[in-house]
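So the structure is just underneath, and the comments pick up after that.
Ligands are counted one by one from 1 in listed order, and the atoms in each one are counted from 1 as well. Only heavy atoms go into these numbers, but all of them, side chains included; no hydrogens, no water, no symmetry mates.
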Amino acid sequence: MSIGNVSREGTWFMEFNTPFSWHVRGIRKVLYSGTTKYQRVAVVEFEDLGKALILDGKIQSTLYDEFIYHESLVHPAMITHPNPRKVLILGGGEGATAREVLKHRSVEEVVMVDIDEDVIKISKEYLPEMNQGVFGNPKLKLVIDDGRKFVSNTKDKYDAIILDLTDPLEGGPSYLLYTVEFYNILKNRLNENGIIVTQATSTFYALRTFATVYRTMASVFPIARPYHVYVPSFDSTWGFVIGSFNLDPLTLTPEEINTRIRDRIHGELRFYEGDIHKVLFTLPKHIRNALEDKSIIPATDNNPTFLPA
Ligand code: SAM
């Protein structure tokens with residue numbers, strides 16, 4: 001079957017969004033391919049999206065549009081918090097999430113916990129554009145551990161917790177970090193005004209998974225706010241969910257957000273601003289209906305949620 005022009009190197013990356021739909025990207029060069037203790041890892045240069053990190057067959061980020069994903073993940077929660085000083089990141093192997101967090105002048109310490117030291121080493125070597133030197137920042141403390149184990153053992157508390165984990169895949173390393181039990185552990189690791197945000201998979205290809213993550217967060221936190229953004233390299237709108245005790249991102253006007261960006265962030269934002277914040281949290285009716293679907297029950301350790309298989 002012809003799949004159009006053959007890429008220069010003649011090889012294609014096929015990513016399954018569901019068992020019945022996939023998208024194909026032309027590969028210019030394979031920079032790294034291997035298997036770590038936890039996952040399959042590849043770094044490729046796509047013909048159209050530039051360099052990219054791929055874990056267990058899922059694109060994590062590409063140089064072409066990673067700023068859309070990482071700014072959307074980090075800044076709505078960080079800007080909503082009045083003065084985030086201590087931040088915990090679970091996952092985030094490429095270092096781009098830590099890069100965005102450290103743009104906030106108020107941040108004094110970022111603890112980044114990733115289960116896979118090899119992903120970090122590979123990202124440092126082949127994708128320096130992602131971390132932009134952040135691993136050398138004295139405010140960043142890098143911990144190699146399972147995120148759930150780390151938060152279960154630490155007594156530290158944080159102003160913001162950012163979950164930049166791989167999608168919940170059956171047999172993958174992260175699915176137990178999308179459950180009621182896990183969010184209850186995090187609840188006790190947040191300071192009084194604490195806020196949490198998680199990536200929550202595709203609002204198109206995995207709408208039930210997204211709705212499950214939202215309903216799981218909403219069963220633990222009094223305020224749960226879903227949002228999404230279109231990420232070209234994911235070939236989909238991508239969901240996120242914020243949870244908090246008393247901080248509501250919907251209460252901020254575009255003007256207030258732009259003022260906070262001006263006063264609190266150093267370095268450039270290429271995507272996020274006041275008007276975009278409003279767009280992010282404006283979900284269409286079919287997604288809002290899915291979020292309110294009572295047949296979708298919160299994920300638990302005994303009944304976790306997975307991407308559609
Ligand atoms: N931007 C990506 C996305 O949302 O599709 C995710 C970013 S990052 C590459 C995902 C990271 O989660 C990886 O570095 C992986 O090693 C890490 N990870 C997966 N399971 C984990 C766990 N249980 N504890 C800590 N880190 C984990």
Side-chain angles (χ1 to χ4, degrees), residues 15-17 32 34-44 49 51-74 88-101 111-124 126-127 130-131 134-135 142-154 161-179 181-182 185-186 197-203 205-206 209-210 213 227-229 231-241 301 304 306-307:
E15 179 173 12
F16 283 84
N17 288 306
Y32 177 87
T35 303
T36 73
K37 190 177 161 196
Y38 298 99
Q39 46 211 337
R40 285 175 292 124
V41 184
V43 179
V44 302
L49 298 174
K51 290 196 286 184
L53 176 67
I54 300 169
L55 296 181
D56 283 342
K58 306 289 290 175
I59 292 178
Q60 302 298 304
S61 48
T62 74
L63 291 187
Y64 173 74
D65 60 10
E66 59 83 12
F67 65 96
I68 299 173
Y69 169 88
H70 290 106
E71 289 187 24
S72 299
L73 170 70
V74 170
L88 174 65
I89 299 169
L90 301 186
E94 310 98 316
T97 297
R99 176 195 77 207
E100 292 303 316
V101 166
V111 178
M112 174 179 157
V113 182
D114 199 295
I115 198 167
D116 199 332
E117 187 169 19
D118 290 332
V119 168
I120 291 168
K121 281 187 190 143
I122 293 160
S123 298
K124 278 184 184 172
Y126 295 101
L127 292 162
M130 291 273 189
N131 68 67
V134 80
F135 290 113
L142 180 60
V143 175
I144 303 302
D145 198 359
D146 171 84
R148 178 151 177 170
K149 196 160 128 261
F150 178 84
V151 293
S152 301
N153 296 335
T154 184
I161 299 178
I162 299 173
L163 307 174
D164 184 19
L165 297 156
T166 46
D167 293 338
L169 299 172
E170 201 149 2
S174 64
Y175 68 88
L176 287 175
L177 287 79
Y178 292 88
T179 68
E181 292 88 343
F182 177 64
I185 296 169
L186 294 189
V197 60
T198 185
Q199 80 91 359
T201 79
S202 164
T203 56
Y205 292 107
T209 309
F210 172 64
V213 174
Y227 63 103
H228 75 172
V229 69
V231 181
S233 57
F234 291 174
D235 189 25
S236 175
T237 42
W238 208 259
F240 305 89
V241 182
D301 288 355
F306 298 120
L307 281 188

Counting only heavy atoms not in Tyr64, do more than 12 fall under 6.0 Å of its OH?
-> no

Flag Asp146 as yes when one of its N or O atoms lies below 3.5 Å from any N or O atom of ligand 1, and as no otherwise.
-> yes

Any atoms of ligand 1 less than 4.0 Å from a non-hydrogen atom of Gly147? List them with their elements.
-> 22 (C), 24 (N), 25 (C)

Within a distance under 4.0 Å of any heavy atom of Gly91, pick out the atoms of ligand 1 and give their elements.
-> 11 (C), 12 (O), 17 (C), 26 (N)

Using distance alone, determine whether Pro173 and ligand 1 share an N or O pair under 3.5 Å.
-> yes

Would you mind listing which atoms of ligand 1 come within a distance below 4.0 Å of any non-hydrogen atom of Asp116?
-> 16 (O)

Between Leu73 and ligand 1, which residue portion shows a heavy-atom distance shorter than 4.0 Å: side chain, backbone, both, or neither?
-> neither

Please name the pair of heavy atoms, one in Leu53 and one in Glu94, separated by the smallest distance, quoted to 0.1 Å.
-> CD2-CG, 3.5 Å

Is the closest side-chain heavy-atom distance between Thr166 and Asp56 below 4.5 Å?
-> no

At what distance is the nearest protein heavy atom to atom 16 (O) of ligand 1, and which residue and atom is it?
-> Asp114 OD1, 2.7 Å

Give a yes/no verdict on whether any heavy atom in Asp145 is under 4.0 Å from an atom of ligand 1.
-> yes

Under 3.5 Å, is there a donor-acceptor pair between the side chain of Thr198 and the main chain of Ala200?
-> no

Per-atom contacts of ligand 1 with Leu53, taking only distances under 4.0 Å to non-hydrogen atoms | 9 (C)

Before signing off on this row, confirm whether Asp167 and ligand 1 have an N or O atom pair separated by under 3.5 Å.
-> no

For ligand 1, does Tyr38 get within less than 4.0 Å through its side chain, its backbone, both, or neither, judged by non-hydrogen atoms?
-> neither

Apply ring pair (Phe, Tyr, Trp, His ring centres under 6.0 Å) to the pair Tyr69 and Phe240, showing each step before the final yes or no.
-> CA-CA 10 Å; Tyr69 169 88; Phe240 305 89; 5.5 Å; yes

Side-chain donor or acceptor of Lys51 paired with backbone N/O of Tyr126 under 3.5 Å | yes

Counting only heavy atoms, which portion of Gln39 has something under 4.0 Å from ligand 1: side chain, backbone, both, or neither?
-> side chain

Which of the ligand 1 atoms, numbered from 1, are nearer than 4.0 Å to a heavy atom of Asp164 = 1 (N), 2 (C), 4 (O), 6 (C), 7 (C), 8 (S), 10 (C), 11 (C), 12 (O)

Is any N or O atom of Gly92, backbone or side chain, closer than 3.5 Å to an N or O atom of ligand 1?
-> no

For atom 12 (O) of ligand 1, which of Val231, Thr166, Leu177 has the closest heavy atom?
-> Thr166

Per-atom contacts, ligand 1 versus Val119 - under 4.0 Å to a heavy atom = 14 (O)

Quick check: does Arg148 get an N/O under 3.5 Å from an N/O on ligand 1?
-> no

For ligand 1, is Glu94 a contact, meaning one of its heavy atoms is under 4.0 Å away?
-> yes

Applying a 4.0 Å heavy-atom criterion (strictly less than), which segment of Gln199 is in contact with ligand 1: side chain, backbone, both, or neither?
-> side chain

Atoms of ligand 1 close to Leu55 [distance to a heavy atom under 4.0 angstrom, numbered from 1] = 9 (C), 13 (C)

How far is atom 5 (O) of ligand 1 from its nearest protein heavy atom, and which residue and atom is that?
-> Gln60 OE1, 3.6 Å

Among Leu88, Asp146, Leu177, whose side-chain contact (heavy atoms from CB on, under 4.5 Å) with Val151 holds?
-> Leu88

Tightest non-hydrogen contact, residues Asp301 and Glu181, listed as N-OE1, 3.0 Å

Atoms in ligand 1 with a heavy atom of Gly93 nearer than 4.0 Å | 8 (S), 14 (O)

Taking non-hydrogen atoms only, is Ile115 closer than 4.0 angstrom to ligand 1 via side chain, backbone, both or neither?
-> both

Quickly, which of Val241, Thr203, Thr201 forms a side-chain contact (heavy atoms from CB on, under 4.5 Å) with His228? Name it, please.
-> Thr203

Main-chain N/O of Ala96 paired to Asn131 side chain as donor or acceptor, under 3.5 Å = no

Using modelled atom types only, decide if a donor and an acceptor are shared between the side chain of Ser152 and the backbone of Arg148 within a distance under 3.5 Å.
-> yes

Which protein heavy atom lies closest to atom 4 (O) of ligand 1, and at what distance to 0.1 Å?
-> Tyr69 OH, 2.6 Å

Pair Asp167-Gln199, side-chain donor/acceptor within less than 3.5 Å | yes

Looking only at heavy atoms, which two atoms of Phe182 and Leu163 are closest? And how far apart?
-> CE2-CD1, 4.0 Å

Side-chain heavy-atom pair Tyr178, Thr209 within 4.5 angstrom cut-off | no

When only distance counts, is His70 in polar contact with ligand 1, meaning an N/O pair under 3.5 Å?
-> no

Are the ring centres of Phe16 and Tyr205 closer than 6.0 Å?
-> no

